[in-house]
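Take a look at the structure below.
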Amino acid sequence: MQSIVLSVVVPMYNEEAVIPALVDRLRPALDGLGVAYEVVAVDDGSADRTAELVLSRGAEWHELRLVQLRRNSGHQAALTAGLHRARGQWVVSIDADLQDPPETIAEMLRTARDEGVDVVYGVRSDRSTDTPFKRHTAGAYYRVMRRLVGGDVPAQAGDFRLLSREVVDVLKALPERAPVYRLLVPSLGFASATVPYAREKRAAGETKYPLRKMVALAWDSAANFSAAPLRLATWLGVTAFLACLALMVFGVIVWSNGTVIPGWTSLFLAVLLLSAVQLICLGLLGEYVARIYRTVQSRPTFHIGFDSASAPSASSAPSASGIPQQRSPAAVR
Ligand code: UDP
Ligand code: MG
């Protein structure tokens, strides 16, 4: 078999509405590259006909491959599954909803080869199609992350990027539990370049990133790359301690003057405040302990139930139910 030059990893969660448009645009863009490629569509435990559609499109587009996770494991876990299964010398990750224009992949590959870099980030030069809420929260996210991780994080670089085989192998070897690739990749320090692109509108369907998932990603990003929240606990403690010292002096002065006030309100407020501070600090500590716990448990963050590239050709056609036959659980990462 001809060795694969480019793998395109596309995480998909309930993306049935967008698959026809995606195939129609991705295929010519990749065929035009003139290199051997594969498209790794990672079905992240969709409840709709995503897997079925990918398989049926794959019957005529042989480069389209389905990797199906047993349950919804989240965007970053789906990316991890894709990186583990990708076979190309270069691996591009791209969203399924056509917000990242597939035509940019050609420029990314050219840039990587011409400039001899290992990573090419797609940088969103124009986000006017995103909602103002998304733009503002994303802006704040990148500002905070640049401070936490260091200046190397390219602003407005999401998960549309090209990686060399070397970077992919390094990422695969990391024991990280909840990787946030947009920060992890820059932190590795490989030579990189950027390619600007205008963020388009979602071609069809709804966003799969509700506020809850955005907050989870932001917290994973902060906690994975920085112990600053723990330091915040220390600073809160120091501030509370200094305030207590001042209050102690005040208490002694009041006592020595013989004018002891009833003092219920101040006592009540001090107890409330200090308990709140203590609980916040405990909670922060707990967050990190939970991460250590999950790392020690070292359960896989995703299970691959089916891979059309390793399935016998008969079972790569949709089964009667439309859902591919599951392969043995041995196909776990
Ligand atoms: N996605 C996924 N699993 C999830 C949520 C999202 O694989 O649990 C995929 C989704 O199908 C899409 C990509 O991640 O290909 C980005 O999601 P989306 O476009 O909905 O996010 P947004 O652009 O609104 O931030
Ligand atoms: Mg999107």
Side-chain angles (χ1 to χ4, degrees), residues 7-23 25-26 39-54 57 64-86 91-102 104-105 122-124 126-142 145 155-161 178-183 197-221 301-307 333:
S7 294
V8 182
V9 173
V10 196
M12 296 180 179
Y13 179 49
N14 292 340
E15 296 289 11
E16 64 178 7
V18 91
I19 289 174
L22 174 70
V23 171
R25 234 178 109 184
L26 190 58
V39 175
V40 184
V42 184
D43 171 23
D44 184 13
S46 299
D48 66 0
R49 293 169 56 241
T50 296
E52 193 188 328
L53 283 180
V54 170
R57 288 304 188 116
L64 180 59
R65 170 183 175 192
L66 172 70
V67 169
Q68 195 179 28
L69 307 190
R70 290 188 190 280
R71 49 168 294 197
N72 182 230
S73 310
H75 182 202
Q76 301 296 306
L79 279 176
T80 312
L83 290 182
H84 275 259
R85 288 301 167 109
V91 180
V92 168
S93 47
I94 184 169
D95 285 356
D97 58 0
L98 289 173
Q99 283 199 281
D100 310 327
T104 309
I105 295 175
V123 172
R124 299 158 186 174
D126 173 5
R127 293 191 71 139
S128 52
T129 56
D130 277 336
T131 61
F133 176 72
K134 189 97 188 178
R135 278 205 303 275
H136 283 107
T137 48
Y141 172 86
Y142 287 108
M145 292 312 140
Q156 300 297 342
D159 285 306
F160 185 28
R161 76 179 86 73
V180 179
Y181 287 109
R182 60 187 69 182
L183 304 178
Y197 72 97
R199 184 101 160 135
E200 295 181 14
K201 259 201 163 67
R202 184 174 245 284
E206 298 283 304
T207 174
K208 306 301 174 309
Y209 257 93
L211 188 62
R212 175 178 57 80
K213 283 189 181 170
M214 281 164 64
V215 171
L217 181 74
W219 176 241
D220 272 343
S221 308
T301 47
F302 58 86
H303 293 264
I304 293 173
F306 175 86
D307 184 343
R333 171 186 158 198

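The structure displayed is predicted, hence computed values, not measured ones. Whatever order the structure lists ligands and atoms in, that order sets their numbers, starting from 1.
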Please confirm whether the backbone N or O of L69 pairs with a side-chain atom of D44, one donor and one acceptor, at under 3.5 Å? no
Nearest heavy atoms of S128 and R135, plus distance in Å: O-NH1, 3.5 Å
Of the non-hydrogen atoms in P11 and H75, which two are nearest, and what is the gap between them? CG-CD2, 3.6 Å
Nearest neighbour of atom 10 (C) of ligand 1 from the list M12, R202, E15, on a heavy-atom basis: E15
Protein contact of atom 9 (C) of ligand 1 - nearest heavy atom, named by residue and atom, plus distance: P11 O, 3.8 Å
Logged contact type for R199 with ligand 1, heavy-atom cut-off 4.0 Å, is side chain
Nearest atoms (heavy-atom pairs only) where A155 meets V123: O-CG1, 3.6 Å
Side chain to side chain, F302 and V42, heavy atoms closer than 4.5 Å: no
Does some non-hydrogen atom of M214 fall short of 4.0 Å from ligand 1? no
D220 and A178: which non-hydrogen atoms are nearest, and at how many Å? OD2-CB, 3.9 Å
Give the residue and atom name of whichever protein heavy atom lies nearest to atom 23 (O) of ligand 1, and the separation in Å to one decimal. Q99 OE1, 2.7 Å
CZ of R85 to OG of S7, rounded to nearest 0.5 Å, is 12.5 Å
Atom 13 (C) of ligand 1: closest protein heavy atom, distance to 0.1 Å, is D95 OD1, 3.6 Å
Between D44 and ligand 1, which part of the residue brings a heavy atom under 4.0 Å of the ligand: side chain, backbone, both or neither? side chain
closest protein heavy atom to atom 17 (O) of ligand 1 is Y209 CD1, 3.6 Å
Among all protein non-hydrogen atoms, which one is nearest to atom 19 (O) of ligand 1, and what is the separation to 0.1 Å? D97 OD2, 2.6 Å
Quick test: of every protein heavy atom, which one is nearest to atom 24 (O) of ligand 1, and how far off is it to 0.1 Å? T207 OG1, 2.5 Å
Rounded at 0.5 Å granularity, tell me how far CZ in R182 sits from CZ in R161. 7.5 Å
Of the non-hydrogen atoms in R124 and G158, which two are nearest, and what is the gap between them? NH2-CA, 3.5 Å
No waters, cut-off 2.8 Å: how many protein N, O or S atoms are close to the Mg ion (ligand 2)? 2
Between K208 and ligand 1, which residue portion shows a heavy-atom distance shorter than 4.0 Å: side chain, backbone, both, or neither? both
Return yes if a side-chain donor-acceptor contact under 3.5 Å exists between D159 and Y181, otherwise no. no
State whether the side chain of S46 and the backbone N or O of D48 hold a donor-acceptor pair below 3.5 Å, judged by distance alone. no
In Å and rounded to the nearest 0.5 Å, what is the CG to CD distance from L98 to E15? 9.5 Å
Can you name the one residue among K201, R199, E200 that meets side chain to side chain donor-acceptor pair (under 3.5 Å) with Q99? R199
Using a 4.0 Å cutoff against the non-hydrogen atoms of K213, which atoms of ligand 1 qualify? 4 (C), 5 (C), 8 (O)
For atom 14 (O) of ligand 1, what's the nearest protein heavy atom and its distance? H75 CD2, 3.2 Å
Numbered in order shown, the ligand 1 atoms found under 4.0 Å of a heavy atom of A96 are 15 (O)
Report the nearest protein non-hydrogen atom to atom 25 (O) of ligand 1: residue, atom name, distance rounded to 0.1 Å. K134 NZ, 2.7 Å
Of the backbone atoms (N, CA, C, O) and the side-chain heavy atoms from C-beta on, which set of N72 has a member under 4.0 Å from an atom of ligand 1: side chain, backbone, both, or neither? side chain
Shortest non-hydrogen contact from L79 toward S93: CD2-CB, 3.6 Å
